Amino acid sequence: MSAGGGTKAIIAAFLANLGIAASKFVAFFFTGSSSMLAESIHSVADSGNQALLLLGGRRARRAASEEHPFGYGRERYFYAFVVSVVLFSVGGLFALYEGYHKIAHPHPVEDWYWAVGVLVVAIGMEAFSFRTAIKESNHVRGGRSWVEFVRHAKAPELPVVLLEDLAALLGLVFALVGVGAAVLTGDGVWDGVGTVFIGTLLVVVAITLAIETKSLLLGEAASREDREKICQALETEPLVERIIHMRTMHLGPEELLVAAKIAVRHEDTAADVARAIDAAETRIRQAVPIARVIYLEPDILKTSQPSVAG
């Protein structure tokens with residue numbers, strides 16, 4: 001995934017959420033609406049989340065050190081996981097609490113036109129941010145569905161921004177419906193109901209993000225397509241008789257570790273095997289450019305050895 005594309009979507013979302021948060025707080029001040037307060041906190045949390053994603057991207061670019069010889073690429077996964085925690089705690093749980101409080105102690109929405117006006121403007125700004133995230137994601141999504149893209153993307157930023165923007169748009173609609181129902185019926189309970197829907201939505205999105213980023217933190221293998229390319233690159237080398245086993249793992253979104261044991265013939269000299277390994281590494285990097293760390297271990301061919309790649 002292009003780091004530039006992800007950064008562009010993050011910055012667009014960050015700027016949109018800052019403006020939206022300020023306008024929502026103004027609307028809450030005039031209306032006292034719990035939906036507006038929940039949405040205000042939601043936008044503040046989103047702004048902080050985008051700042052965390054930018055920080056993670058910057059820290060991930062640090063050079064490898066003696067303590068971290070494989071670099072810091074996984075910092076992007078860590079900060080994406082922190083985003084899910086912030087969204088769950090600051091956004092989701094706060095909205096659920098505020099909604100419960102408003103349902104238990106309802107009061108009318110005052111100066112409702114402030115809330116409606118701000119929500120309509122916010123929907124337009126969030127739609128722009130969401131459109132930017134969709135546009136940038138389409139550059140790398142390929143033929144995958146949106147669900148597959150979110151589940152299998154190795155770079156976390158665009159899936160995070162996509163889900164955040166989607167949740168923000170739906171949350172704004174819930175807030176608009178809640179405020180509208182409270183105004184039309186004169187019953188502030190509907191404002192609380194809208195807030196509960198916002199909180200539930202944020203909790204669901206946060207849990208989804210946590211599950212996906214946890215998988216990345218634990219270490220995911222290369223995609224099936226990349227694994228097939230690596231196997232083909234190895235098997236193209238004449239001195240490689242068979243791949244005995246292979247393991248791959250993402251050290252970061254744009255850095256892949258490849259470790260494989262390859263079978264060679266008994267009569268091959270050490271010099272021949274060394275040249276074959278060098279040639280195989282070159283082929284792998286040509287086929288999968290993100291395969292930057294490669295370890296190939298030769299072994300004498302045995303007919304009983306199974307071939308396993310993963």
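For the single chain, residues carry numbers from 1 onward in sequence order. Predicted model, so just to flag it, every value in this text is computed and none were measured.
Not counting sequence neighbours, the partners of Glu297 by the salt bridge (charged side-chain N to carboxylate O under 4.0 Å, His left out) test are Lys261. Residues satisfying the side-chain contact (heavy atoms from CB on, under 4.5 Å) criterion with Leu54, sequence neighbours excluded, are Thr7, Ile10, Ile11. Not counting sequence neighbours, the partners of Glu225 by the side-chain contact (heavy atoms from CB on, under 4.5 Å) test are Ser223, Lys229. Considering only residues two or more places apart in sequence or on other chains, Arg141 meets the salt bridge (charged side-chain N to carboxylate O under 4.0 Å, His left out) condition with none of them. Scanning for side chain to side chain donor-acceptor pair (under 3.5 Å) contacts around Asp46 gives His42, with sequence neighbours left out. For the side-chain contact (heavy atoms from CB on, under 4.5 Å) test, residues two or more places apart in sequence or in another chain that qualify with Ser137 are Trp146, Phe149, Leu158, Leu162. Taking the ring pair (Phe, Tyr, Trp, His ring centres under 6.0 Å) definition, one finds that Trp114 meets it with Phe30, sequence neighbours left out.
Listed by first and then second residue, the salt bridge (charged side-chain N to carboxylate O under 4.0 Å, His left out) pairs involving residues 118-135 amount to none (not counting sequence neighbours). Residue pairs meeting the salt bridge (charged side-chain N to carboxylate O under 4.0 Å, His left out) criterion with at least one partner in residues 13-29, sequence neighbours excluded, are Lys24-Glu39.
Taking hydrophobic clusters as Ile, Leu, Val, Met, Phe, Trp and Tyr residues chained together by side-chain heavy-atom distances below 4.5 Å, Val121 does not share a cluster with Val116. Leu176 is not connected to Met125 by any chain of hydrophobic side-chain contacts under 4.5 Å among Ile, Leu, Val, Met, Phe, Trp and Tyr, and they are in different clusters.
Val177 belongs to a hydrophobic cluster with Val173, counting contacts under 4.5 Å between side-chain heavy atoms of Ile, Leu, Val, Met, Phe, Trp and Tyr, direct or through other members. Members clustered with Tyr100: none, using a 4.5 Å side-chain heavy-atom cutoff among hydrophobic residues.
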Identify each donor-acceptor pair in which a side-chain atom of residues 187-204 lies under 3.5 Å from a protein atom, sequence neighbours left out, and give them as a table.
residue	atom	partner	partner atom	Å
Asp187	OD1	Val189	N	3.0
Asp191	OD1	Ser33	OG	2.9
Asp191	OD1	Ser35	N	3.2
Asp191	OD1	Ser35	OG	2.6
Asp191	OD2	Ser33	OG	3.1
Asp191	OD2	Ser34	N	2.8
Asp191	OD2	Ser34	OG	3.3
Asp191	OD2	Lys102	NZ	2.6
Thr195	OG1	Ser34	OG	2.9
Thr195	OG1	Ser35	N	3.1
Thr195	OG1	Ser35	OG	3.1
Thr195	OG1	Asp191	O	2.8
Thr200	OG1	Val196	O	2.9

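The residues Asp278 and Arg275 are annotated as not salt-bridged, no charged nitrogen and carboxylate oxygen being separated by less than 4.0 angstrom.
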